[in-house]
Amino acid sequence: MRLPTLKWAGDALELVDQTLLPSELVIKRCDSAEEVRDAIHRLVVRGAPAIGVAAAYGVLLAAHSAKNSSPEELREHVARAAELLAAARPTAVNLAWAVRRMEAAAQGQEASAQELYERLEREAKAIEEEDREANRRLGKFGAALLEDGATVLTHCNAGALATVDYGTALGVVYAAVEEGKNVSVYVDETRPLLQGARLTAWELTQAGIPATLICDDMAASVMSQGKVDCVVVGADRVAANGDAANKIGTLNLAILARHFLVPFYVAAPLSTVDFDMASGADIPIEERNPEEVTSFAGARFAPVGVDVYNPAFDVTPAYLIDAVIMEGGVAKPPLGAALAALRRD
Ligand code: MRU
């Protein structure tokens with residue numbers, strides 16, 4: 001059973017509250033753009049594609065509250081919500097990308113507020129549907145890279161919970177399993193917020209796919225024993241040259257994978273590629289609350305007064321990436337040229 005991570009309810013956005021998984025499965029209802037912004041910031045909904053789709057519905061909620069006013073007023077609501085939502089998290093480009101698409105859909109001088117609202121609803125639903133399709137297509141391309149019996153190592157959660165309902169890195173695993181291959185997965189716990197232990201391990205267990213949880217610092221040992229056939233991770237933003245930002249700790253894995261000659265794959269839809277960003281050096285890296293490092297679930301384990309550095313993402317340079325698996329095909333080095341060839345516009 002794969003739950004939809006988010007659902008548009010006509011006048012509200014329903015989200016699986018990922019801060020509570022796996023102990024509790026609670027649906028959080030958001031009635032306004034502000035609530036969606038808060039949900040994105042608190043990681044109630046997280047993962048690059050999922051926050052893009054959630055933000056699109058956040059903009060739609062702002063339009064919903066203005067659909068009986070003038071088109072100008074509706075557009076003002078949309079512009080305010082777009083600004084608020086785009087600033088909720090800085091690293092995943094899908095967020096800004098989805099919000100820009102919604103703003104563009106609200107243009108058109110001749111339309112009434114009701115017509116603009118309907119246009120916005122169609123656009124948000126299109127963004128959601130494109131994510132479903134992109135994941136399934138990239139999953140199939142990625143599955144071709146996995147042999148029957150393969151063992152994959154993954155980091156964080158780039159699964160159904162990070163997208164609308166299927167996943168990018170885990171989409172590759174699901175597609176291979178759907179093709180009849182036996183695939184097992186080593187799951188990095190992913191400190192500090194344990195998206196691997198809480199979310200990926202839960203998703204794979206629900207799907208009946210063999211999953212082995214390891215602490216992040218065990219990856220070198222596992223790879224050194226020849227137990228990993230490839231690493232597959234997601235991405236929050238891929239620069240035009242192929243440098244890829246993903247959950248902190250991904251860079252460690254890429255370096256290890258190169259050392260142990262294990263293929264390192266990034267699975268990401270085109271909406272995660274930022275062709276305006278020449279290299280990963282310019283990708284904004286979110287820094288989060290120090291308490292995420294000093295405590296867990298409210299229990300503090302580090303001494304008061306210690307300094308903390310808590311970047312949520314790191315950037316893996318293109319030269320450590322063996323392929324970017326996308327809905328249009330598999331981009332292989334040189335990644336810059338391969339990504340440009342898969343670009344649609
Ligand atoms: O901080 P998070 O949980 O939003 O980080 C998520 C990741 O790093 C994912 O790997 C990435 O967004 C890709 S999701 C398909």
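Just follow the structure's listing: the first ligand is 1, and inside any ligand the first atom is 1.
- With 3.5 Å as the limit, one finds no donor-acceptor pair spanning the side chains of Trp8 and Glu14.
- Panel note: side chain Asp322, backbone Phe264; a donor-acceptor pair is recorded below 3.5 Å.
- Residue Leu193 places every heavy atom at 4.0 Å or more from ligand 1.
- Both the backbone and the side chain of Ala158 come within 4.0 Å of ligand 1, counting heavy atoms alone.
- Close approach of ligand 1 to Lys247 (heavy-atom distance below 4.0 Å) involves ligand atoms 1 (O), 2 (P), 5 (O), 8 (O).
- Looking at ligand 1, you won't find any N or O of His155 less than 3.5 Å from one of its N or O atoms.
- Backbone and side-chain nitrogen or oxygen atoms of Gln195 are examined, and one is located within less than 3.5 angstrom of a nitrogen or oxygen of ligand 1.
- In summary, the side chains of Asn241 and Ser279 do not present any donor paired with an acceptor at a separation below 3.5 Å, with no hydrogens or angles considered.
- Considering backbone and side-chain N/O atoms, Ala48 comes within less than 3.5 Å of an N/O atom of ligand 1.
- Contacts with ligand 1 closer than 4.0 Å are made by no heavy atom of Ile51, backbone or side chain.
- The distance from ligand 1 to the heavy atoms of Ala162 drops below 4.0 Å at these ligand atoms: 14 (S), 15 (C).
- Cation-pi check for Lys247 over Phe313 is met; the charged atom lies under 6.0 angstrom from the ring centroid and within 45 degrees of its normal.
- Using a 4.5 Å heavy-atom cutoff, the side chains of Glu115 and Arg119 are not in contact.
- With a heavy-atom cut-off of 4.0 Å, Ala235 touches ligand 1 through its backbone alone.
- Using a 4.0 Å cutoff on heavy atoms, Pro49 counts as a contact of ligand 1.
- Taking a cut-off of under 4.0 Å to the non-hydrogen atoms of Arg89, the atoms of ligand 1 that pass are 1 (O), 2 (P), 4 (O).
- Considering all non-hydrogen atoms of both residues, Ala62 and Ala81 come closest at CB-CB, 3.4 Å.
- Looking only at atom types and distance, the side chain of Ser184 has a donor-acceptor partner in the side chain of Thr151 under 3.5 Å away.
- Heavy-atom contacts of Thr168 reach the following atoms of ligand 1: 15 (C) (cutoff under 4.0 Å).
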Applying ring pair (Phe, Tyr, Trp, His ring centres under 6.0 Å) to Phe301 and Phe296, what does each step give before you reach the verdict?
CA-CA 8 Å; Phe301 45 75; Phe296 192 76; 8.1 Å; no
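- An N or O contact shorter than 3.5 Å links Asp236 to ligand 1 by distance.
- Using modelled atom types, one finds a donor on one side chain and an acceptor on the other under 3.5 Å when comparing Asp17 with Thr19.
- Annotation: atom 10 (O) of ligand 1 to nearest protein heavy atom, Asn246 OD1, 2.6 Å.
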